[in-house]
Amino acid sequence: MQNLIVLIASYVFYAWWDWRFLGLIIASTLVDYAVGINLEKTTAKSRRKVLVAMSLLFNLGLLGFFKYYNFFVESFIEAFETAGISLEASTLQIILPVGISFYTFQTLSYTLDVYKREISASKNLLSFATYVAFFPQLVAGPIERAAQLLPQFSLPKKFDYQLAKSGIYLMIWGLFKKVVVADNCAFFVNQIFDNPVQESSVTLLLGAVLFAFQIYGDFSGYSDIAIGVARLFGFKLMTNFSYPYFSRDIAEFWRRWHISLSTWFRDYLYIPLGGSRATKLKQVRNVFIIFLVSGFWHGANWTFVVWGGIHALLFLPLLLVKANRKNLEGNHLNLKNISSIIFTFLLVTFAWVFFRAANLGEAWQYIVEILKMDDLSMNLFLKSNKYMLFFGVSLFSILVLLLTEYTAFANNKKEVQLNKWKSFIVVILILFLGVFKNPSDFIYFQF
């Protein structure tokens with residue numbers, strides 16, 4: 001009955017956006033449930049390969065059609081136009097289902113784990129369906145592994161006060177990151193990236209920095225809320241962010257950023273390709289594959305592919321000197337750590353410009369205008385008392401974010417530790433600093 005209630009709630013939650021796309025989740029659930037059962041029963045290698053191929057084709061086919069169909073058609077036409085050949089094609093007005101990139105990867109990981117015989121196939125359709133559609137993390141993750149989450153649906157749930165309390169504290173902190181940090185930064189980011197040629201070099205640089213904190217506050221805020229809500233129901237979800245902006249190199253950044261996705265690509269793509277055990281040439285190939293695919297996963301635009309390529313180039317030197325897996329000593333700030341953190345943050349921020357820009361031309365122009373440094377004015381931020389207030393709130397909220405997360409980072413805490421009084425202060429900040437502007441959608445809903 002507990003699973004049935006959660007499943008119905010999850011389907012209603014998703015159908016509230018557009019009930020027509022609920023059929024995609026149900027179809028994906030039924031296909032992978034049936035494939036999993038048959039994979040466990042079958043010992044013939046050829047038949048097992050056919051079954052897992054069916055799951056891959058179905059799930060990636062859905063993802064490819066809804067997310068990439070128009071992209072490939074338009075790219076095909078543009079390629080012919082560069083050769084002087086004009087083609088006419090009508091593209092479909094395809095709506096991208098919310099969360100399709102997340103739940104397809106979640107069901108795929110289940111099928112692949114059953115195929116590798118790392119887990120047993122689920123015999124309970126209700127439990128499996130609830131695992132696929134679990135509403136807290138359905139639309140933007142974390143992308144949970146079946147081995148970690150699916151068994152939790154087989155256990156009866158009793159209210160756990162301590163787990164629920166920690167969940168509420170985490171939800172409050174997630175709301176602060178979204179409503180106060182991300183949404184206040186978005187007020188400037190949207191204006192700056194919509195009209196970059198009208199802004200000064202300093203404004204563009206600050207716009208890139210503000211976007212770095214917007215996307216972190218927005219996405220990690222959602223993850224915190226999802227993890228916290230799950231705890232109210234007695235479920236434990238994986239940590240999806242671990243203070244990424246305190247990373248001292250790009251390899252550490254990717255161990256701390258969107259952990260559920262980066263580990264998914266590591267386990268189901270990078271390692272099967274040979275990982276770091278292959279020759280140097282193949283290691284380089286594998287790094288580029290995983291980062292380019294990761295970029296393309298984020299959206300049907302060349303900007304995301306280039307964003308992934310930039311991270312591959314930044315990761316490569318660490319791989320070649322075998323420093324990509326080193327354990328960086330100590331989390332306390334010193335001159336060496338501070339310089340490494342700032343340098344890594346600037347590299348990540350540079351790449352974020354491509355992630356945020358509408359196209360490659362705008363991204364390149366944005367970077368060029370920053371590098372000119374011929375206009376050091378900050379007119380946008382000083383445009384009026386309202387703009388000065390928003391800018392002050394943005395900077396203050398970022399400072400609160402960094403100081404709070406550094407405390408947890410330095411003490412090796414898995415997540416920010418709020419208590420009754422700290423959470424009360426954060427709620428006051430949310431109420432007073434999160435009401436100045438219209439709220440914006442979560443950025444990762446588009447993926």
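What you see is a predicted model; the values in this text were computed from it and never measured.
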With a 4.5 Å limit on heavy-atom distance, are the side chains of Leu63 and Ser101 in contact?
yes

Just by distance, do the side chain of Asn195 and the backbone of Gln198 share a donor-acceptor pair under 3.5 Å?
no

Side chain Asn411, main chain Thr407, donor-acceptor under 3.5 Å:
yes

Are the side chains of Tyr169 and Lys165 in contact, using a 4.5 Å heavy-atom criterion?
yes

Got a second to check how far Ile25's CD1 is from Leu30's CG, nearest 0.5 Å?
12.0 Å

Are the side chain of Tyr131 and the backbone N or O of Glu144 linked by a donor-acceptor pair below 3.5 Å?
yes

Over 60° means perpendicular and under 30° means parallel, so classify the ring planes of Phe304 and Phe355, tilted if in between.
perpendicular

Show, in sequence, the C-alpha distance, side-chain angles and deciding distance for Arg255 and Glu252, and conclude whether the salt bridge (Lys or Arg N to Asp or Glu O under 4.0 Å) test is met.
CA-CA 5 Å; Arg255 289 196 294 271; Glu252 186 183 10; 5.3 Å; no

Asp32: what forms a salt bridge (charged side-chain N to carboxylate O under 4.0 Å, His left out) with it, not counting sequence neighbours?
none

Between atom CD1 of Ile227 and atom CD of Gln137, what is the distance when rounded to the nearest 0.5 Å?
10.0 Å

Heavy atoms from other residues, nucleotides or ligands near OH of Tyr161 exceed 12 (cutoff 6.0 Å):
no

Using the rule given for ring pair (Phe, Tyr, Trp, His ring centres under 6.0 Å), can you reason through Phe291 versus Trp254, listing the C-alpha separation, both sets of side-chain angles and the distance that settles it, and then say yes or no?
CA-CA 11 Å; Phe291 277 108; Trp254 279 105; 5.7 Å; yes

Does a side chain donor of either Tyr216 or Glu405 reach within less than 3.5 Å of an acceptor in the other side chain?
yes

Full working for side-chain contact (heavy atoms from CB on, under 4.5 Å) between Leu360 and Phe354
CA-CA 7 Å; Leu360 291 178; Phe354 289 87; 4.2 Å; yes

Residue list, side-chain contact (heavy atoms from CB on, under 4.5 Å) with Leu206, at least two apart or on another chain
Val202, Met378, Phe381, Phe391

With sequence neighbours left out, what residues match Leu402 under side-chain contact (heavy atoms from CB on, under 4.5 Å)?
Phe213, Phe246, Ile398

Do the ring planes of His298 and His258 sit parallel (below 30°), tilted (30 to 60°) or perpendicular (above 60°)?
perpendicular

Would you please name every residue forming a side-chain contact (heavy atoms from CB on, under 4.5 Å) with Leu371, sequence neighbours left out?
Ile367

Please confirm whether the backbone N or O of Val197 pairs with a side-chain atom of Glu369, one donor and one acceptor, at under 3.5 Å?
no

How far apart are the C-alpha atoms of Tyr243 and Tyr406, what are their side-chain angles, what is the distance that settles it, and do they pass the ring pair (Phe, Tyr, Trp, His ring centres under 6.0 Å) test?
CA-CA 8 Å; Tyr243 323 114; Tyr406 174 70; 9.5 Å; no

Would Tyr366 and Leu204 count as a side-chain contact (heavy atoms from CB on, under 4.5 Å) here? Give the steps.
CA-CA 7 Å; Tyr366 196 103; Leu204 293 176; 3.5 Å; yes

Do Leu60 and Leu108 come within less than 4.5 Å of each other through their side chains, counting heavy atoms only?
yes

Please identify each residue that fulfils salt bridge (charged side-chain N to carboxylate O under 4.0 Å, His left out) with Arg356, with sequence neighbours left out.
none

Under the rule for ring pair (Phe, Tyr, Trp, His ring centres under 6.0 Å), what residues qualify as partners of Phe153, not counting sequence neighbours?
Phe134, Phe235

Please list all pairs meeting side chain to side chain donor-acceptor pair (under 3.5 Å) that have one or both residues in residues 219-232, counting only residues at least two apart or in different chains.
Ser166-Arg231, Lys177-Ser220, Lys177-Asp224, Ser223-Asn240, Arg231-Glu415

Any donor and acceptor pair, going by atom type alone, linking the side chain of Thr404 with main-chain N or O of Leu401 inside 3.5 Å?
no

Using side-chain heavy atoms (C-beta onward) and a distance below 4.5 Å, is Val293 in contact with Ile289?
yes

Can you list the residues that meet the side-chain contact (heavy atoms from CB on, under 4.5 Å) rule with Val348, with sequence neighbours excluded?
Tyr245, Ile250, Phe253, His311, Thr344, Trp352

Keeping Ser55 on the side-chain end and Val52 on the backbone end, is there a donor-acceptor pair under 3.5 Å?
no

Check whether any side-chain heavy atom of Phe288 lies under 4.5 Å from a side-chain heavy atom of Val284, and answer yes or no.
yes

For Trp173, all residues meeting ring pair (Phe, Tyr, Trp, His ring centres under 6.0 Å), sequence neighbours excluded:
Phe176

Does some side-chain heavy atom of Thr203 sit less than 4.5 Å from a side-chain heavy atom of Phe188?
no

Can you find a pair of side-chain heavy atoms, one from Ser294 and one from Leu261, that are under 4.5 Å apart?
yes

Regarding Arg145 and Asp113, does a basic nitrogen lie under 4.0 Å from an acidic carboxylate oxygen?
no

Lys422: what forms a salt bridge (charged side-chain N to carboxylate O under 4.0 Å, His left out) with it, not counting sequence neighbours?
none

List in chain and number order the residues that pass ring pair (Phe, Tyr, Trp, His ring centres under 6.0 Å) with Phe135, two or more places apart in sequence or in another chain; answer none if no residue qualifies.
Phe13, Phe233

Within a radius of less than 6.0 Å around CE of Met373, do more than 12 heavy atoms belonging to other residues, nucleotides or ligands occur?
yes

Does the side chain of Ile310 come within less than 4.5 Å of Phe350's, by heavy atoms?
yes

Run Leu24 and Phe66 through side-chain contact (heavy atoms from CB on, under 4.5 Å) and show every step you take.
CA-CA 11 Å; Leu24 295 179; Phe66 283 98; 3.8 Å; yes

Find the distance between CG (Leu149) and CD1 (Ile143) and round it off to the nearest 0.5 Å.
13.0 Å

Going by atom types alone, do Ser242 and Thr239 pair a side-chain donor with an acceptor below 3.5 Å?
no

Between the main-chain N or O of Lys157 and the side-chain N or O of Gln2, is there a donor-acceptor pair closer than 3.5 Å?
yes

Hydrogens and angles aside, do Gln191 and Glu199 bring a side-chain donor and acceptor to less than 3.5 Å of each other?
no

Determine yes or no for a side-chain-to-main-chain donor-acceptor pair under 3.5 angstrom, with Trp17 supplying the side chain and Val98 the backbone.
no

In terms of side-chain heavy atoms, does Ser28 have a donor or acceptor partner in Asn59 at a distance below 3.5 Å?
yes

With a sphere of 6.0 Å drawn around CG of Leu335, does it hold more than 12 non-hydrogen atoms of other residues, nucleotides or ligands?
no

Between atom CG of Leu319 and atom CG of Leu314, what is the distance when rounded to the nearest 0.5 Å?
13.0 Å

Separation of Ile443 CD1 from Asp441 CG (nearest 0.5 Å):
10.0 Å

OG on Ser394 to CG on Asn184, rounded to 0.5 Å:
4.5 Å

Quick one: does Gln417's side chain have a donor or acceptor within less than 3.5 Å of a partner on Lys413's backbone?
no

Under the salt bridge (charged side-chain N to carboxylate O under 4.0 Å, His left out) test, residues paired with Asp18 that sit two or more places apart
Arg20

